[in-house]
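Input: a single structure, listed below in structure tokens.
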Amino acid sequence: MTNVIDKDRVLIFDTTLRDGEQSPGATMTHDEKLEIAELLDDMGVDIIEAGFPIASEGDFKAVSEIAERSKNSVICGLARARGG
């Protein structure tokens with residue numbers, strides 16, 4: 001992703017790996033998530049929301065590995081705030 005601020009540039013923020021998995025019948029294996037993340041990265045997606053790391057150990061591992069493997073995309077995970 002470019003560090004140059006360009007008000008005419010549209011950033012692509014993809015939620016397939018997190019939001020898409022919540023659709024009935026769309027559950028992905030660890031390897032499928034890595035494969036899709038690699039394809040998104042290769043296609044030039046700017047930001048990939050790779051999952052919800054607090055949801056499970058598997059999701060945490062997938063988000064971590066996707067972040068390690070990404071060559072171009074910024075990888076993020078969904079987070080939530082909790083009151084004290």
Side-chain angles (χ1 to χ4, degrees):
M1 189 168 105
T2 181
N3 290 329
V4 177
I5 297 174
D6 181 354
K7 64 181 179 183
D8 294 324
R9 179 164 162 29
V10 174
L11 297 178
I12 305 299
F13 187 110
D14 187 277
T15 63
T16 302
L17 296 172
R18 185 203 52 85
D19 213 22
E21 187 166 73
Q22 295 178 12
S23 301
T27 302
M28 293 174 259
T29 66
H30 182 83
D31 289 339
E32 289 170 332
K33 289 179 183 183
L34 296 178
E35 181 180 357
I36 291 170
E38 184 177 357
L39 291 168
L40 293 169
D41 190 43
D42 289 344
M43 288 189 316
V45 170
D46 298 294
I47 305 163
I48 300 171
E49 187 175 36
F52 188 29
I54 196 68
S56 68
E57 183 67 26
D59 219 28
F60 180 85
K61 287 180 181 178
V63 173
S64 296
E65 192 166 346
I66 290 166
E68 289 174 13
R69 291 177 172 213
S70 176
K71 297 176 190 114
N72 304 301
S73 302
V74 171
I75 307 302
C76 67
L78 181 67
R80 67 175 173 225
R82 288 181 44 175

I'd like a table of donor-acceptor pairs (distance under 3.5 Å, sequence neighbours excluded) in which one partner is a side-chain atom from residues 53-63, with atom names and distances.
| from | atom 1 | to | atom 2 | distance (Å) |
| --- | --- | --- | --- | --- |
| Ser56 | OG | Asp59 | N | 3.0 |
| Asp59 | OD1 | Lys33 | NZ | 3.0 |
| Asp59 | OD2 | Phe52 | N | 2.7 |

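Take Glu38 and apply the side chain to side chain donor-acceptor pair (under 3.5 Å) test, not counting sequence neighbours, and it matches no residue. A search for side-chain contact (heavy atoms from CB on, under 4.5 Å) contacts involving Thr27 returns Glu21, not counting sequence neighbours. Qualifying salt bridge (charged side-chain N to carboxylate O under 4.0 Å, His left out) partners for Glu65, counting only residues two or more places apart in sequence or in other chains: Arg69.
Taking SG of Cys76 as the reference point, atom CG of Asp14 lies at 10.0 Å (rounded to 0.5 Å). Here Ile66 contributes atom CD1 and Ile36 contributes atom CD1; the two are 9.0 Å apart, rounded to the nearest 0.5 Å. Residue Leu40 holds its CG atom at 10.5 Å from CD of Glu35, rounded to the nearest 0.5 Å.
Within the structure, salt bridge (Lys or Arg N to Asp or Glu O under 4.0 Å) pairs that include any residue of residues 70-84 do not occur (at least two apart or interchain).
Not one N or O on the side chain of Asp46 forms a donor-acceptor pair closer than 3.5 Å with the backbone of Phe13. Looking only at distances, a side-chain donor or acceptor of Ser73 sits under 3.5 Å from a matching main-chain atom of Val45. Looking at Glu32, its side chain does come within 3.5 Å of a backbone N or O of Thr29 through a donor-acceptor pair.
Residues Leu17 and Ile48 have side chains in contact (heavy-atom distance under 4.5 Å, counting atoms from C-beta outward).
In terms of hydrophobic clustering, with Ile, Leu, Val, Met, Phe, Trp and Tyr side chains grouped at heavy-atom distances under 4.5 Å, Ile12 and Met43 are assigned to a common cluster.
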